[in-house]
Protein chains: 2
Amino acid sequence: MSESEGVRRTPLNRERVLAAAVAFADREAGGTDALSMRKLAQELGVVPMALYKHVANKEELLAGMVDTVVGGIDPPAAGADWKGAVRERVLSARRALRRHPWAPRVIEALPAPTPAVLGHLDAVIGLLRAGGLSADLAHHAMHALGGRLLGFTQELFDASPEAAPDPGVAARLAARYPHIAEVAATAAHAERAAEDGTAVGGGCDDQFEFEFALDVLLDGIERLHLAGWTSTGARRAVQ
Amino acid sequence: MSESEGVRRTPLNRERVLAAAVAFADREAGGTDALSMRKLAQELGVVPMALYKHVANKEELLAGMVDTVVGGIDPPAAGADWKGAVRERVLSARRALRRHPWAPRVIEALPAPTPAVLGHLDAVIGLLRAGGLSADLAHHAMHALGGRLLGFTQELFDASPEAAPDPGVAARLAARYPHIAEVAATAAHAERAAEDGTAVGGGCDDQFEFEFALDVLLDGIERLHLAGWTSTGARRAVQ
DNA sequence: ACCTGAACACCGTTCAAGT
DNA sequence: ACCTGAACACCGTTCAAGT
């Protein structure tokens, strides 16, 4: 029997299963949608049921994949001001997750946060508390930061609404959604200007948009902190 | 032949298919995960393939369901200041979507935004432009608002990490994630105080968290607008 | 201990046929 | 025009059996 037919030195463990699953989702266009227990087993040269010795079911496989990826987030930097430290850690999370485009969707779809995700959230709250924010404000700040905490935002808006260069279709879209068209044209103009060297730039740059939103939120939270904001006070003010 | 066996007055049209699918996802605990073409057909007293005359495939069915729901968002109020108008429209989107808990996940999972979603985004940009914001700032503001534009945020953080009242488990979780535990305890305390009438309240109230984040973002964007922010200037400042 | 074979209860979708 | 029956190529998972 040749090596490829059945002999296997390393008898398949949880780590190897998760690593193969992550590699598969990274490689395939469909990400985890293209991943099935059967195809993963085939990739490992094993019958599907063999996987169930190392992973309880598909959901646990997905949770394990998430933890593998989220475990790669750098530990928070010590010493910086809280805003800088949170900013750095969130950008580190973004770097870790951008290598695995399927991860954000899986994290959101799982019924409960995984241990590595909880660890990351706990670390960010720790940075806010170390910066002097009350547990109350830290709590609401975490809500405001939301999905951005893990380095992703829903790409709802800049998912190109067709990727259609057909000028006829584009014109019809522009007629129906004039404000979207104007904003898109502005971004395109700024980008072209940047290429010509006639302006510093603009356009729709993922990283820039991410940092813009992150900074609006961090600045707003800092302002509340300095003003002595409390949720009790905020509720009282509304009444 | 009895009515229940085969005779059907209304011969099944797209609208009836979509309405039945929405009703099914609303009723079932699993939402759209529990929805299959076969079960939907059974519900309509029809063989599965009959659906394919009214809907190209399952993805188009899901897109149609989203448009049915998003179409229920109220039109923007006229006359108010831009911040108030955007706030109102986003809260209206939230009200429309909260009746269909499966909708946010489906909207994010679809490969392209549906017409009704594009219409909503276009309307919000229109409000920002009417308020005097540049197309440039409006563009970045839309990114900052992100998923909140449709009235939802990922419930990553307050998805109770086990819904476990077992005190042993809770103690172990608190030991591993001390900052999460502290924040949770603060929220619980504030809530209890609110019930006792000894304080105005706090706790983890979905609606309050949503408005908190929304207002941090809107206030930050207004501040940039009043300060004459441009993306070109922001990029230049970094260099 | 770890892996296998056969089977169960599902999927979405195509195609040729019915009325 | 609208619906059907039978079939195809998949799923995740269980169970009893093998080594």
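These values consider heavy atoms only, across backbone and side chains, with no hydrogens, waters or symmetry-generated copies. First the proteins, then the strands, lettered A, B, ... as listed; each starts at 1.
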Self-check item: Rounded distance in Å between the C1' positions of D/dA7 and C/dC11
Solution: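 Those two atoms are separated by 14 Å.
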Selected nucleotide, minimal atom distance to [X] side chain, candidates [options]:
| X | options | answer |
| --- | --- | --- |
| A/Met49 | C/dG12, C/dA6, D/dG5 | C/dA6 |
| B/Arg38 | C/dT4, D/dA6, C/dG12 | C/dG12 |
| A/Val47 | C/dG5, C/dC11, C/dT13 | C/dG5 |
| B/Lys58 | D/dT13, C/dT4, C/dT13 | C/dT13 |
| A/Asn57 | D/dC11, C/dC2, D/dT13 | D/dT13 |
| B/Ala50 | D/dC3, C/dC11, C/dT13 | D/dC3 |

Rounded to whole angstroms, how far apart are [atom1] on [X] and [atom2] on [N]?
| X | N | atom1 | atom2 | result |
| --- | --- | --- | --- | --- |
| A/Leu35 | D/dC10 | CG | P | 16 Å |
| A/Tyr52 | D/dC15 | OH | C1' | 13 Å |
| A/Arg16 | C/dC2 | CZ | C1' | 13 Å |
| B/Asp33 | C/dC11 | CG | P | 12 Å |
| B/Leu44 | D/dC3 | CG | P | 10 Å |
| A/Gln42 | D/dG12 | CD | C1' | 16 Å |
| B/Leu61 | C/dC11 | CG | P | 14 Å |
| B/Lys53 | C/dT13 | NZ | C1' | 13 Å |

Quiz item: For atom CD of A/Glu15, is the number of surrounding heavy atoms from other residues, nucleotides or ligands below 6.0 Å larger than 12?
Solution: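 For A/Glu15, atom CD is not crowded (no more than 12 foreign heavy atoms under 6.0 Å).
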Exercise. Give a yes or no on whether B/Gln42 atom CD has more than 12 heavy-atom contacts from other residues, nucleotides or ligands under 6.0 Å away.
Key: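 12 or below, so no.
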Exercise. Identify whether any heavy atom of A/Met37 sits under 4.0 Å from a base atom; if not, whether one sits that close to sugar-phosphate; answer base, sugar-phosphate or nothing.
Key: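 Sugar-phosphate contact only - A/Met37 comes under 4.0 Å of backbone atoms but never of a base.
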Quiz item: Can you check whether A/His54 has a side-chain N or O nearer than 4.0 Å to OP1 or OP2 of C/dC3?
Solution: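 A/His54 to C/dC3 OP1/OP2: side-chain N or O found under 4.0 Å.
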Quiz item: Hey, is the side chain of B/Lys39 poking within less than 4.0 Å of OP1 or OP2 on C/dC11, counting only N and O atoms?
Solution: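 For C/dC11, OP1/OP2 do have a side-chain N/O of B/Lys39 under 4.0 Å.
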Practice problem: Ignoring hydrogens and angles, tell me if any N or O in the side chain of A/Arg95 forms a donor-acceptor pair with the backbone of A/Asp74 under 3.5 Å. | Solution: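 Side chain of A/Arg95 to backbone of A/Asp74: no pair is present.
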Quiz prompt | Matching residue for B/Leu62 among B/Asn57, B/Asp67, B/Leu18, B/Val106 - test: side chain to side chain contact (heavy atoms under 4.5 Å, CB included) | solution =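 Among B/Asn57, B/Asp67, B/Leu18, B/Val106, the one meeting side chain to side chain contact (heavy atoms under 4.5 Å, CB included) with B/Leu62 is B/Val106.
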Self-check item: 5' priority, DNA chain C, between A/Pro48 and B/Ser36 [closest heavy atom]
Solution: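 In this pair, the answer is A/Pro48.
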Exercise. Sort out the partner of C/dG5 for me: Watson-Crick or G-U wobble, both distances under 3.5 Å, none otherwise.
Key: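 In the structure as shown, C/dG5 has D/dC15 as its Watson-Crick or wobble partner.
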Practice problem: Look at the rings of B/His140 and B/His143 and say which category their plane angle falls in: under 30° parallel, 30 to 60° tilted, over 60° perpendicular. | Solution: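 Plane angle between 30° and 60°, so tilted.
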